[in-house]
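Just below is one structure, and these are the notes that go with it.
As the structure is a prediction and not an experimental result, all values here were calculated from the model. First the proteins, then the strands, lettered A, B, ... as listed; each starts at 1.
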Amino acid sequence: MSPVVTRFAPSPTGFLHIGGARTALFNWLYARNQGGTFLLRIEDTDRERSTREATEAILESMKWLGLSWDGEPIFQSQRFEIYNRYIDQLLEKGQAYYCSCSPEQVEAMREKARAEGRKPKYDGNCREKTVTPGPGVVVRLKAPLHGKTLYQDVVKGPVAVDNAELDDLILRRSDGSPTYNLAVVVDDHEMAVTHVIRGDDHVANTPRQVLLYQAFGWDLPAFGHVPMILGPDKQKLSKRHGALSVMEYEKMGYLPEAMVNYLARLGWSHGDQEIFSRQELTQAFSPENLGRSAAVFDTQKLDWLNAHYIKEASPATLAGLLAPRLADLGFPDLDPKVLEAIVPLYQTRSKTLAEMAQACTFFLIPAAALEYDQEAMAKFLTPEARAHLQALRQGLAGLADFKATALEGLLNTYLEKAGIKFKIIAQPLRVAVTGKTASPGLHETLEVLGQEESLARLDRALAL
RNA sequence: GUCCCCAUCGUCUAGCCUGGUCCAGGACACCGGCCUUUCACGCCGGCGACAGGGGUUCAAAUCCCCUUGGGGACGCCA
């Protein structure tokens, strides 16, 4: 058994989107699972649309997701010589030929075929002619006219296509550059790729590529086509469904662990398990368990996973991730210790880092700038409640150890003396100190706020 | 239009290959309850699917065929 080699081969025409990230993930997982190699190849043969920025963006996304590739990325744009050498080889063997048909002529052929209810394709006009290289001349594969081309798809099983359905695909454009199908086959062969796991949109290309392998006399790699990702309306995922780019999810406050876990479970399964650490994923992954049908991208489930990983993360880690977000919200240069004290209060209350950052600001705002919910004030800061709060203020001011347990003790003592239940003062106190009716636990909130700030807020509320 | 692929709860899926243990299991969401100082978390419970029709078989979610529905591909893009 030759060692497993997988690859991810994006074309740098934009950011890395959800679908691409998932195929990259599956390739990475399989390579890591097998102790094999995971390569990265940038398919930039289209010089018009490929950009350096897009390449950077893709690499950034891969790094964020933790999909480490082996060796240096390979750029197809630097390998044109190699492709042309192979095309010449095919030309010499008579497996390829020059074709002088103009794009317009070919389009006419397609139109004709379409009109006759056949599959639109090139009709092989130059197949038996001896066209010589020159301007406007391309090189085409001399594909078999009859028979079937079949291959074993790791996820779909056997796939067969009549060769009559295929046409003589262009290998070299009139400008001398190689086409996608040729470059893919040459590279996968040269890179010794053993498993080609890619999106479903490539199934139709596979028989053509198989033909190329056969023309070269090379062994086929294993192919596996993973189903598409759909939007909630079951249409192919697109921008109108919302965020597509992996890095947009980073901006929205999703953790890479959640994204990886979610993407892995979208189209792949391992019994009933839902939560997978990176290590569990690499251990459990097998392409056999890839699903065959398209899957809808469900943000709610992503949210659930993200909430899960937020709960699991250490406060220090989250504080580090939150700092730049809070800086953007107008709270720069925060003391990490302060942030680390706030974070635990929101770990069970946040679906995203963005939500968490937003929630944290409440602790960072000075008493004077705190906003009070008028309705809540009217409802809970009754004269009776105010009397209790006034009395409580004395105790709070005199408390030497302003910690949750001590605060709880202090409050309980007061309740006992006053002969009331916690319920009576809980909401008034909460509103007074937070301005709202919903917040983390009171004792913890007071502790994190600190004595000085708590008293300041209490005073302000009482004065309103 | 032609070809290829797909089809289990609203969604992600287990089961299908190797028919019976499945009046179909898990998870998200939703609904209800418990816990409770609010909001969450957590726990418990509920709702909810084998697309339809034919076969094959003692027996089909599982095998075969058709229909329907969905997706993809038909570039000198990748």
Side-chain angles (χ1 to χ4, degrees), chain A residues 9-13 43-46 48-50 76 99 101-103 106-107 110 113-122 136-140 153 155-157 159-162 164-167 169-175 177-181 183-184 199-207 225 227-228 230 232 234-236 262 265-275 288-289 291-305 307 311 345-350 359 376 380 411 421-431 434 436-443 445:
Chain A
S11 64
T13 54
E43 309 219 321
D44 55 352
T45 52
D46 185 339
E48 303 275 293
R49 301 198 299 155
S50 302
Q76 290 192 323
C99 166
C101 295
S102 68
V106 177
E107 191 39 51
R110 294 202 179 98
R114 239 187 293 262
E116 289 168 6
R118 287 181 296 117
K119 189 156 183 158
K121 54 178 211 172
Y122 173 70
V137 170
V138 302
V139 174
R140 286 183 184 273
D153 196 299
V155 347
K156 294 178 185 298
V159 177
V161 177
D162 274 319
E165 290 298 323
L166 278 18
D167 62 1
L169 68 153
I170 293 178
L171 268 23
R172 178 149 73 210
R173 301 187 184 99
S174 51
D175 68 356
S177 64
T179 56
Y180 164 74
N181 283 110
V184 166
D200 216 354
D201 45 338
H202 287 290
V203 261
N205 282 323
T206 310
H225 291 95
M228 307 262 86
L230 274 27
K234 303 261 192 169
Q235 297 296 305
K236 187 175 177 177
Y262 178 71
R265 271 296 278 104
L266 191 65
W268 175 82
S269 60
H270 183 66
D272 284 338
Q273 192 171 346
E274 295 286 351
I275 308 280
E288 330 271 278
N289 297 324
R292 297 156 304 280
S293 48
V296 173
F297 189 85
D298 179 11
T299 318
Q300 288 188 309
K301 190 153 182 184
L302 209 211
D303 283 346
W304 171 70
L305 279 167
K311 278 174 216 136
L345 303 195
Y346 287 103
Q347 281 183 276
T348 58
R349 282 167 247 259
S350 310
F380 292 108
L411 288 177
K421 293 213 176 280
F422 191 31
K423 250 178 149 58
I424 305 295
I425 57 161
Q427 283 305 72
L429 220 201
R430 185 187 315 281
V431 172
T434 73
K436 302 170 297 183
T437 53
S439 82
L442 253 186
H443 309 127
T445 299

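For A/Gln235 and B/G71, the shortest distance from a side-chain N or O to OP1 or OP2 is below 4.0 Å. Contact annotation: A/Lys423 side-chain N/O to B/U36 OP1/OP2 distance is not under 4.0 Å.
Of the residues near RNA chain B, A/Pro440 and A/Asp175, the one whose nearest nucleotide (by heavy atom distance) lies more toward the 5' end is A/Pro440. Remark on RNA chain B: of its neighbouring residues A/Gln300 and A/Val161, the 5'-side contact belongs to A/Val161, judged by nearest-heavy-atom nucleotide.
Interface remark: the A/Asn205 side chain does form a donor-acceptor pair with the B/A78 base, using a distance-only criterion of under 3.5 Å. Side-chain atoms of A/Ser174 and base atoms of B/C76 include a donor and an acceptor less than 3.5 Å apart.
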Enumerate donor-acceptor pairs with a distance under 3.5 Å from any side-chain N or O in residues 266-273 of chain A to protein atoms, sequence neighbours excluded.
| residue | atom | partner | partner atom | Å |
| --- | --- | --- | --- | --- |
| A/Trp268 | NE1 | A/Ser286 | O | 3.2 |
| A/Gln273 | NE2 | A/Ile275 | O | 2.9 |
| A/Gln273 | NE2 | A/Glu280 | OE2 | 3.4 |

Letter by letter from the 5' end, nucleotides 13-18 of chain B scores (B base, S sugar-phosphate only, - none; protein heavy atoms under 4.0 Å) SS-B--

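Atom CZ in A/Arg114 sits about 13 Å away from atom C1' in B/C3, given to the nearest Å. As rounded to whole Å, 6 Å separates atom P of B/C3 from atom CD of A/Glu165. Whole-Å rounding puts the A/Leu230 CG to B/C6 P distance at 15 Å. Rounding to whole angstrom units, CE of residue A/Met228 and C1' of B/A78 are separated by 13 Å.
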